[in-house]
Amino acid sequence: MRIGQMFYQTLKEVPKEAQIPSHQLMFRAGMIQQLSSGIYNYLPLALKSIRKIENIIREELAKRGCQEVLLPLVQPAELWNESGRWDFYGPELLRFKDRKGNDFCLGPTHEEVITDMVRKNLKSYKQLPWNIFQIQTKFRDEVRPRFGLMRGREFIMKDGYSFDIDEDASKESYKKMYEAYEAIFDRIGVQYRAVEAVTGNIGGNLSHEFQVLADSGEDLIMSCDNCDYAANVEKATSVYEKGTVDKSNFLDMEEVHTPGYKTIDEVSLFLKKESSSFIKSLLYLIDAEPVLVLIIGDQEINEAKLKVCFNADIVLLADDKIIDDISGAGAGYVGPVGLSSPVKIVADYSVTGLENMIAGANKDEYHIINVNPERDFNIDVIDDFGFVSEGDRCPKCRGVLDPYRGIEVGQVFYLGTKYSESMKCTYLDQNGKDQPVVMGCYGIGVGRTMAATVEQNHDDNGIIWPLSIAPFEVVVLPLQMNSEEVLAAGETIYKDLVSKGIDVALDDRSERAGFKFKDADLIGYPLQVVIGKKSLENSLVEIKIRKSGEKIEVPLHDVSQYVEAFIKENKN
Ligand code: ATP
Ligand code: MG
């Protein structure tokens, strides 16, 4: 490609919503432009990198027997009603009607469509296993689109689905995809961790996320310093040491007046007690059933764990009316003792082993002191409903858990029969009996992977692409455009590299050397072949390695060989 004709311009200024380096750099490098919130134009440089990511994905999946399809973006509501997700998916699902008044949505994911397609084709166990994927545009009406391609509303995803005869076979498929993801992210050249994850709206109960480690990541990962345990904080657990109580310490409960003090912070200041002296009591609706959830006052309730524990689709804080019905008081005064209607009480482990605690009195403007869980109320379920914190002990080996920030670039799920049962996707087994097919699903955010790679690989001057997904592998920079020798050397090297199948750009613009260098650093070509008049007098050319900054003088006639060898050696 000759840069003089290339459709792009580099920019100095960034829009104010571009808050993280990858967004700023991809914007400044002329790769992406926002059309509307969370909706982007991919310019040629971005699309070249995206296509390389897609090809790596395709190659690794093909090696493992996966087959590619392309499914519609527009999906009929009937399928979502069958799976039950039309009502549960929430406002991320962009719904609309066609001219006949039929309901449709833009696909945020494709479990329904693929399950429908497979059930129309699946008859016998002899046809299985199947592993089918697509690389396609998704739409999710994200509440806070941000960070450029990292969290868009319209984005490119590879989504794949496996179909097996039973759980064992499905878990084999899961393992195969897990390994495919390792191979894909290794080839792309990012540093990542595969971590245990919760399954969210998708369903199923076994899942891993592939997290690119980066300070700006939205996800928090807890990782053991001693073994391979790593989990998203939504899922992470730690060793639980059950506290013991000495009943002889129990004091009598007493109501205290706490006028206008509702939050634990406010009441703890007012009563001059640490927040760890409180039992935090929040009333939730778990799939519409009211449940009082308790945790020690200095910790937060982990709603993802509530969802998993109750196998629930929707976990919501109860509104004032329900709080009033069940507690008899307003929010802020709810507690486990003296509720006006009976309700299921579930408690985090942190609530066990506590003595003489403070809790809401279920009476406006009052709290109770000296509440003792063992003595004063019944707990229906005790489980882990909290968040692990730094320094907690690993549940596998008792090592220390350390926090890291990550960008979720991919996720693999074991789905079981959630969709095949609700949508009747079955096959005839060896005994001629109908069985639901067992499924897995596997996503990679293609645009997010590109952005995460930039987030992890840049410096003050610009992007530092790994060779495998760089828009171009090499740029040739003739510095003095008025010198015939320089121009001729540039042309020769460029053509040589093209003929060797190397992805090369030639900066044939009549710009100053400084300008070309800046552009080349910003766009982040892994190699710069610099042709200057002076060194050319000695038949030498300078090659700069973007990543290390190293500059090597190479004889003019060896340049293309040198570049070819470098790429061979350094491309994953
Ligand atoms: P997140 O938790 O970040 O919202 P998710 O877990 O809902 O993502 P999945 O349903 O697992 O996403 O989708 C598979 C992959 O698609 C994700 O791992 C991520 O790389 C990508 N992805 C999801 N949402 C977005 C988005 N809004 N913009 C860009 N990529 C996305
Ligand atoms: Mg995910």
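All ligand and atom numbering here is 1-based and tracks the order in the structure. Remember, predicted model here, so these are calculated numbers, not experimental data. Throughout, residue positions are numbered sequentially from 1 according to the sequence presented. Excluded from the calculations below are hydrogen atoms, water molecules and symmetry mates; all remaining heavy atoms, backbone and side chain alike, are included.
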N or O pair under 3.5 Å between [X] and ligand 1:
X      : result
Gly443 : no
Ile444 : no
Arg151 : yes

| message | Heavy-atom distances under 4.0 Å decide this one: backbone, side chain, both or neither, for Thr449 against ligand 1? | response | neither
| message | Below a 4.0 angstrom heavy-atom separation, can you tell me which part of Met150, side chain or backbone, both or neither, approaches ligand 1? | response | backbone
| task | Answer yes or no: is there a side-chain heavy-atom contact under 4.5 Å between Tyr8 and Pro44? | result | no
| Side-chain heavy atoms of Phe96 within contact of Val74, under 4.5 Å | yes
| Gly447: heavy atom below 4.0 Å from ligand 1, yes or no? | no
| Heavy-atom contact under 4.0 Å between Asp159 and ligand 1? | no
Pair [X] + [Y]: basic N to acidic O under 4.0 Å:
X      : Y      : value
Lys63  : Glu60  : yes
Glu111 : Arg85  : yes
Asp459 : Arg546 : yes

| Are side-chain N/O atoms of Tyr125 and Gln435 paired as donor and acceptor at under 3.5 Å? | no
| message | Quick one about Glu17 and His23 (side-chain donor to acceptor, distance below 3.5 Å, no hydrogens or angles considered), yes or no? | response | no
Proximal ligand 1 atoms for [X], defined as those under 4.0 Å from one of its heavy atoms:
X      : answer
Glu142 : 24 (N), 26 (C), 27 (N)
Gly410 : 18 (O)
Val409 : 18 (O), 20 (O)

| request: Starting from the C-alpha separation in whole Å, work towards a yes-or-no answer on ring pair (Phe, Tyr, Trp, His ring centres under 6.0 Å) for Tyr442 and Tyr178. | output: CA-CA 9 Å; Tyr442 317 96; Tyr178 184 106; over 10 Å; no
| said: My understanding is that we take every heavy atom of each candidate and find the minimum distance to atom 13 (O) of ligand 1. Doing that for Met157, Gln211, Glu218, which one comes out nearest? | reply: Met157
| field | Selected option - heavy-atom contact closest to atom 26 (C) of ligand 1, from Phe413, Phe210, Tyr442, Phe155 | value | Phe155
| field | Check: Arg405 side chain, Gly217 main-chain N or O, donor-acceptor pair, under 3.5 Å | value | yes
| said: So, at under 2.8 Å, which protein N, O or S atoms would a careful student list around the Mg ion (ligand 2)? | reply: Glu408 OE2, Gln411 OE1
| Is there a side-chain contact (heavy atoms from CB on, under 4.5 Å) between Tyr42 and Leu149 once you walk through the steps? | CA-CA 10 Å; Tyr42 306 101; Leu149 301 189; 3.8 Å; yes
| said: Applying ring pair (Phe, Tyr, Trp, His ring centres under 6.0 Å) to Tyr414 and Tyr174, what does each step give before you reach the verdict? | reply: CA-CA 7 Å; Tyr414 166 72; Tyr174 181 93; 7.2 Å; no
| note | Sorted by chain and number, sequence neighbours left out, side chain to side chain donor-acceptor pair (under 3.5 Å) with Gln33 holds for none
